[in-house]
Amino acid sequence: MPETKVKKSEDFNEWYNEIVELADLCDKRYPIKGMNIWRPYGWKLMNNVDRLIRDEMIKTNHEEVCFPLLIPESFFKKEEEHIEGFGKEVFWVTHAGINQLEERWLLRPTSETAMYPIFSLWIRSHTDLPLKTFQIVNTFRYETKQTRAFIRVREIHFFEAHTCHVDFEDAERQIKEDKEIAHRLLQKLCLPYVFSKRPEWDKFAGAYYTISIDVLMSSGRTLQIGSIHQYRDNFAKPYEISYETEKGAHAFCHQTTYGMSERLLGALVGVHGDNKGLIIPPEVAPLQVVIIPIIFKGKEKGVLEASETLHKKLLHEGIRSHIDDRETTPGNKYYDWELKGVPLRVEIGPKDVEKNELTMVRRDISKKKSVPLKDAEKAIQAELQALVQTIYANAEKLLNENMHSVLTAEEAKEKTGIVALPWCGNKDCALEIENVLEGNTLGEPIENAVCTDPCPVCGARAKTWMRFAKSY
RNA sequence: GGGCCUGUAGGGUAGCUUGGUCCAUCCUUUUAGCUUUGGGAGCUAGAGACUUGCGUUCAAAUCGCAACAGGCCCA
């Protein structure tokens, strides 16, 4: 059975690099580092993920906006920590035609500084609040490190929700909602995850606190696929986002943001894929079912008719189906669609037509199964559901088997994946552990974080658990 | 931020050490035609490449420098 040249378990990085192009997600040959081309198949997949996000946003009363790509330097410079965090990685526009600009513009690395001066104009009264907005746009960050398709890029396909609230408590309620949104979304992508509260020195530039959403890739490294930030009034003050209260006083807004990117695709690839290619959860799969007519000379008619009938039925049921009638051998087609991760393949050949059956094969387990044509839609739905459960269970197993809580650095060193250790709250102690484990701090668990064991570095009584992992 | 490696058709490669034998090898791909078709089909005739710039030289895919791009490792 042909498989990828590089096995996922042997060299995850190579496998990943190979698979994203083989599966037609992206084309990495564009000659600017970190700026890849979305191929049609990959873009459909991304759009399906975006659609889920949009649905969630609309369900939770966020409104979609679209701010300009360019930000004047003066807007960008209002919040100091933010500049410090992003200053080194912005692209600048200095010229227009042959003229040098009086004020430089930058390509948004994220949109706070584009939006907030405008929010300040939009928000006058407490009745304007909460303001819940989001946009799905491209952002730009000048990565100097090694780039990697969907995981570290310079042009980022970015979802960002920005909300303004009357006070800290209302912003906290928003964060609770964001966590619920993340949960529902990642369920649909069959991606188990962990929330961690980032340590002070690793939070988003300008935030009061940051909650990261991480998944575990099969390589044992974590991938941060989203973050939720509580800004308190850190941005509202410099950007003067204030409102008049019911009592006629003036107060600053409290803000939150929630961001995700094409890293979600990276996670889908890295978590579910195998040596034959991708396995895409049906919820976002560009094609959920591919029908392959097995054509023999003289018997084409029945086979093609049966395929066409089934295809129409599936479309009618809202199932994304496709008939692969290319003039090539069936085996060729199987390999193709397996690479692309189509969850279910249906074969219809002369023998099937004779028996009024179809043959179906789930992408994750590759076992053939015959079902009567008349029950096709139901059987196909059930099979897709079964695939969802299996790939979720596999991903959950991977995460559970690679999450550990231990008391000493020596024990931690033996473990793979995410390791939690008691932490006294001192930055140096956490950095020392980072050194020993050759990993990074992920953050504290957001629930059941209390820990009273001694800090493995200084011996002081710990305040919380601190998670460490090698990450992308 | 530091170190190491790589760049030849759409993809993968041979040639590079010791410059000339190379209008560049093989596999895949691709076009036309015929025969095929239940796990990567066969035959016939075509198509397609030395990353870019500068330098060394009578002569550069081959040597040197730089840029760009790709990959790996460490902070």
Side-chain angles (χ1 to χ4, degrees), chain A residues 1-6 10-37 39-41 87-89 142-155 201-202 219 221 275-277 290-304 306-307 323-340 342 344-355 357-363 365-371 428 430-441 468 470-472:
Chain A
M1 224 33 59
E3 299 193 331
T4 47
K5 282 197 209 84
V6 184
E10 285 166 15
D11 191 338
F12 179 87
N13 289 345
E14 288 263 342
W15 170 86
Y16 182 91
N17 281 330
E18 187 183 347
I19 219 76
V20 290
E21 285 198 312
L22 279 177
D24 272 350
L25 296 180
C26 65
D27 194 323
K28 294 191 282 195
R29 291 170 301 183
Y30 198 75
I32 299 180
K33 183 185 170 83
M35 295 194 182
N36 297 328
I37 294 150
R39 287 168 153 265
Y41 190 71
K88 281 185 192 153
E89 48 184 68
Y142 176 71
E143 287 288 350
T144 51
K145 292 178 189 173
Q146 183 60 50
T147 55
R148 191 191 301 278
F150 308 128
I151 289 180
R152 176 163 281 123
V153 289
R154 285 175 167 179
E155 180 170 356
W201 64 89
D202 218 13
S219 58
R221 287 179 178 241
N275 289 340
K276 291 199 237 166
V290 61
I291 302 170
I292 301 183
I294 310 294
I295 294 168
F296 286 87
K297 259 238 162 103
K299 295 181 184 171
E300 304 98 324
K301 200 163 171 252
V303 168
L304 286 174
S307 303
I323 300 179
D324 186 353
D325 57 0
R326 287 176 300 170
E327 285 197 29
T328 176
T329 56
N332 229 319
K333 297 177 185 177
Y334 301 162
Y335 290 115
D336 237 33
W337 296 113
E338 280 165 0
L339 251 181
K340 292 197 163 90
V342 176
L344 194 68
R345 175 174 88 232
V346 169
E347 302 170 22
I348 299 182
K351 287 182 218 160
D352 298 301
V353 172
E354 253 173 55
K355 291 192 249 172
E357 284 184 350
L358 61 81
T359 303
M360 61 184 186
V361 184
R362 243 166 76 183
R363 171 60 182 81
I365 54 170
S366 301
K367 276 204 189 116
K368 292 202 178 191
K369 194 170 175 181
S370 291
V371 295
D428 290 337
L431 295 184
E432 174 59 28
I433 298 287
E434 279 193 349
N435 258 328
V436 173
L437 298 184
E438 292 170 348
N440 299 98
T441 48
F468 297 86
K470 291 188 181 174
S471 56
Y472 281 101

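Per chain, numbering begins at 1; letters A, B, ... match sequence-line order.
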Query raised in the report: If we take the P atom in both B/rG53 and B/rU62, what is their distance in whole Å?
Result: 13 Å
Query - N/O (side chain, A/N332) to phosphate O (OP1/OP2, B/rG39) under 4.0 Å - result: no
Query raised in the report: When we call it a touch if two heavy atoms are under 4.0 Å apart, what does A/G34 touch: a base, just sugar-phosphate, or nothing?
Result: sugar-phosphate
**Report entry** Base partner of B/rA69, which must satisfy Watson-Crick or wobble distances under 3.5 Å
**Finding:** B/rU6
Could I get a table of every N or O pair under 3.5 Å where one atom is in the protein and the other is in nucleotides 31-36 of chain B?
none

Which donor-acceptor pairs under 3.5 Å do side chains of residues 294-304 of chain A form with protein atoms, sequence neighbours excluded?
| unit_1 | atom_1 | unit_2 | atom_2 | d |
| --- | --- | --- | --- | --- |
| A/E300 | OE1 | A/G298 | N | 3.0 |

Report summary line: Any strand, both distances under 3.5 Å, Watson-Crick or G-U wobble: B/rC34 pairs with B/rG42
Query raised in the report: When the C1' atoms of B/rC65 and B/rA60 are considered, how many whole Å apart are they?
Result: 15 Å
Requested in this report: Scan every strand shown for a Watson-Crick or G-U wobble partner of B/rG20, both distances under 3.5 Å, and answer none if you come up empty.
Outcome: B/rC58
Query - Minimum-distance nucleotide (side-chain atoms of A/T359 versus B/rG38, B/rG40, B/rG39) - result: B/rG38
Can you check nucleotides 7-10 of chain B for protein contacts, nitrogen or oxygen pairs under 3.5 Å, and list what you find?
| unit_1 | atom_1 | unit_2 | atom_2 | d |
| --- | --- | --- | --- | --- |
| B/rG10 | O3' | A/R29 | NH1 | 2.7 |
| B/rG10 | O2' | A/R29 | NH1 | 3.0 |

Query raised in the report: Taking any strand in view, what nucleotide pairs with B/rG48 in a Watson-Crick or G-U wobble way, both distances under 3.5 Å?
Result: none
Query raised in the report: What interatomic distance, in whole Å, is found between P of B/rU44 and the corresponding atom of B/rG39?
Result: 26 Å
Query - Phosphate OP1/OP2 of B/rC72: any A/R148 side-chain N/O under 4.0 Å - result: yes
Report task. Determine the interatomic distance between P on B/rG19 and the same-named atom on B/rA75; round to the nearest Å. Result -> 42 Å
Query raised in the report: On a whole-Å scale, what distance lies between the C1' atoms belonging to B/rU13 and B/rA61?
Result: 14 Å
